[in-house]
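Scroll down for the structure; my scribbles are underneath it.
Worth saying up front: this structure is predicted, and the values here are computed from it rather than measured. Below, each value reflects all heavy atoms present in this structure, side chains not excepted, and no hydrogens, waters or symmetry copies. A note on names: the letters A, B, ... follow the listed sequences, proteins ahead of strands, and every chain is numbered from 1.
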Amino acid sequence: MSDSSDNRLIKELYETHKEMMFKIALGILHNASDAEDVVQDAFLWIINNLEKISQIPRNKRAVYFANIIEHLSLNILKKRRVHPTEDIDEHKELRSDISVEKISEDEITIEDIKQVIRTMSEIDRLILRLYLFEKRSYKEIADIAGIFEGNARIKVYRARKRLAKLLRERGIDYEY
Amino acid sequence: MNIDEMIAEALEEEFEERVQQCCSDASKHKFSLAYRLWEYRALKNLGKNRRDSHWTLRRARHIVTAAIIAASSLFLGITAYAAIAIIGRFSFEEKKEYSKMFIESLSSDKTEIEEYYGLPEEDGWEVTYFYADEQQTLINYELGDKKVTFSQEVIREHTHHINTEKAAIEPISLYKENDGFVLDFGTGGCSLYWIYDGYLFELFSNFNKKDTASLAYFTKIVDFQNFF
């Protein structure tokens with residue numbers, strides 16, 4: 001690719017995805033200034049990895065960039081030493097007096113589970129996605145988040161525990 | 001498909017939906033002045049050398065911060081220490097050659113240093129002297145002809161003595177309003193104090209207060225493992 005076509009591509013990527021990337025970062029960091037930092041870091045990465053990016057199908061780029069943003073945001077969180085969900089639910093004992101009808105495994109749908117996932121924090125969703133969908137090891141998750149491996153194990157464990165609790169409240173049995 | 005596989009698929013689908021929602025959301029964020037400054041330079045420099053686009057947002061904020069401090073100082077027009085008794089959590093009692101400084105303590109103040117702050121190494125600052133214990137650090141840095149003494153300490157209920165013989169105290173706002181003050185010695189150097197993350201920081205530099213304030217803003221948690 002020539003320099004001028006590279007520059008056109010970068011500008012196009014930037015203009016197309018800047019707002020989306022900011023919103024994804026803001027969803028995790030809840031701080032506009034930090035979110036702007038992450039968007040900047042992501043674009044610097046894109047600028048320096050343009051050849052790789054140009055091979056990604058156009059309709060997949062948004063998700064690809066959003067992934068980069070989430071990984072960078074996780075790292076910023078570690079530096080801020082803030083994990084909004086870390087201690088919030090840990091010691092909460094929520095007891096519901098409403099009895100929930102169990103759903104059999106055959107009846108569970110992806111949409112049921114998505115409805116539960118939408119109630120979780122973006123950080124928990126990201127941790128679970130790294131572990132369950134991308135099948136990252138604890139070490140890889142630790143490297144992405146900039147934390148120790150033991151800490152990554154704890155984060156995965158707690159996220160799965162929160163998910164299990166939410167699924168049980170919907171009548172879905174989930175052993176983790 | 002077992003439930004773990006369903007959860008994995010649900011997580012990915014939810015993420016893609018969220019991304020699409022963000023893409024189609026028409027609301028636009030009003031990016032900060034510092035960001036827009038970085039954006040302008042980054043996109044402008046694309047034509048020259050892509051790798052030079054790493055003119056960081058932090059440096060853009062440096063310029064914006066320096067401009068804010070300059071504007072604040074002009075606005076306040078402070079020239080005499082006697083006009084200031086309290087700045088944020090700092091209070092002062094003026095003496096002939098020095099002033100006593102007191103800091104209001106808060107429950108959120110740290111009782112020992114949990115994480116060590118320092119100047120950003122990636123900007124080229126070299127450590128020429130290092131001391132640290134659980135209560136305070138004292139680090140000398142150099143970058144070319146610039147010299148800085150950086151200190152981090154826990155906030156204690158004792159009197160600090162600061163040299164105000166030939167310096168006026170001016171308030172500054174690094175992270176929040178009046179979270180610090182600067183002493184401009186008029187000889188090209190200054191001393192800047194501020195409170196952040198439950199610690200008291202000091203930067204003593206041989207250059208102007210605008211650059212010193214910007215440097216203060218960009219101090220960050222540093223891994224000093226090599227020095228312990």
Q: Carefully, step by step, assess A:Arg160 and B:Asp4 under the rule side-chain contact (heavy atoms from CB on, under 4.5 Å).
A: CA-CA 11 Å; A:Arg160 293 183 83 187; B:Asp4 261 340; 3.7 Å; yes
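- Summarising the geometry of A:Ile108 relative to B:Met6, their closest heavy-atom pair is O-CE, 3.2 Å, with the distance given to 0.1 Å.
- More than 12 non-hydrogen atoms from other residues, nucleotides or ligands lie less than 6.0 angstrom from OH of B:Tyr175.
- Cation-pi geometry between A:Lys18 and B:Tyr35 is not met: the NZ or CZ atom fails to fall both under 6.0 Å from the ring centre and inside 45° of the normal.
- Chain A forms the most heavy-atom pairs under 4.5 Å with one residue out of B:Lys220, B:His29, B:Glu39, and that residue is B:His29.
- Each of A:Leu126, A:Asn67, A:Thr16, A:Val116 has some count of heavy-atom pairs under 4.5 Å with chain B, and the biggest count is that of A:Asn67.
- Along residues 11-24 of chain B, the residues that come nearer than 4.5 angstrom to chain A, judged on non-hydrogen atoms, are B:Leu11, B:Glu12, B:Glu13, B:Glu14, B:Phe15, B:Glu16, B:Glu17, B:Arg18, B:Val19, B:Cys22, B:Cys23 in order of number.
- Residue contact with chain B, scored on non-hydrogen atoms closer than 4.5 Å, is absent for A:Glu134.
- Around the CG atom of B:Asp145, the shell of radius 6.0 Å holds no more than 12 heavy atoms that belong to other residues, nucleotides or ligands.
- At a 4.5 Å heavy-atom cutoff, the contact between A:Tyr14 and chain B is made by side-chain atoms alone.
- Partners of B:Thr149 by side chain to side chain contact (heavy atoms under 4.5 Å, CB included), not counting sequence neighbours, listed by chain and number: B:Leu138, B:Asn140, B:Phe204.
- When all heavy atoms are compared, the tightest approach of B:Ser27 to A:Lys23 is O-NZ, 2.7 Å.
- Rounded to the nearest 0.5 Å, atoms CD1 (B:Ile3) and CG (A:Asp173) are 8.5 Å apart.
- A:Gln55 is linked by a side chain to side chain contact (heavy atoms under 4.5 Å, CB included) to A:Glu51, counting only residues two or more places apart in sequence or in another chain.
- Applying the side chain to side chain contact (heavy atoms under 4.5 Å, CB included) test to A:Ala145 and every residue at least two apart in sequence or in another chain returns A:Leu74, A:Ile147.
- In this structure, the portion of A:Leu163 lying under 4.5 Å from any heavy atom of chain B is its side chain and not its backbone.
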**Q.** Candidate pair A:Leu128 and B:Ile7, rule side-chain contact (heavy atoms from CB on, under 4.5 Å), full reasoning
**A.** CA-CA 9 Å; A:Leu128 289 171; B:Ile7 290 170; 5.8 Å; no
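- Looking at A:Ile110, both its backbone and its side chain come within 4.5 Å of chain B, counting heavy atoms on both sides.
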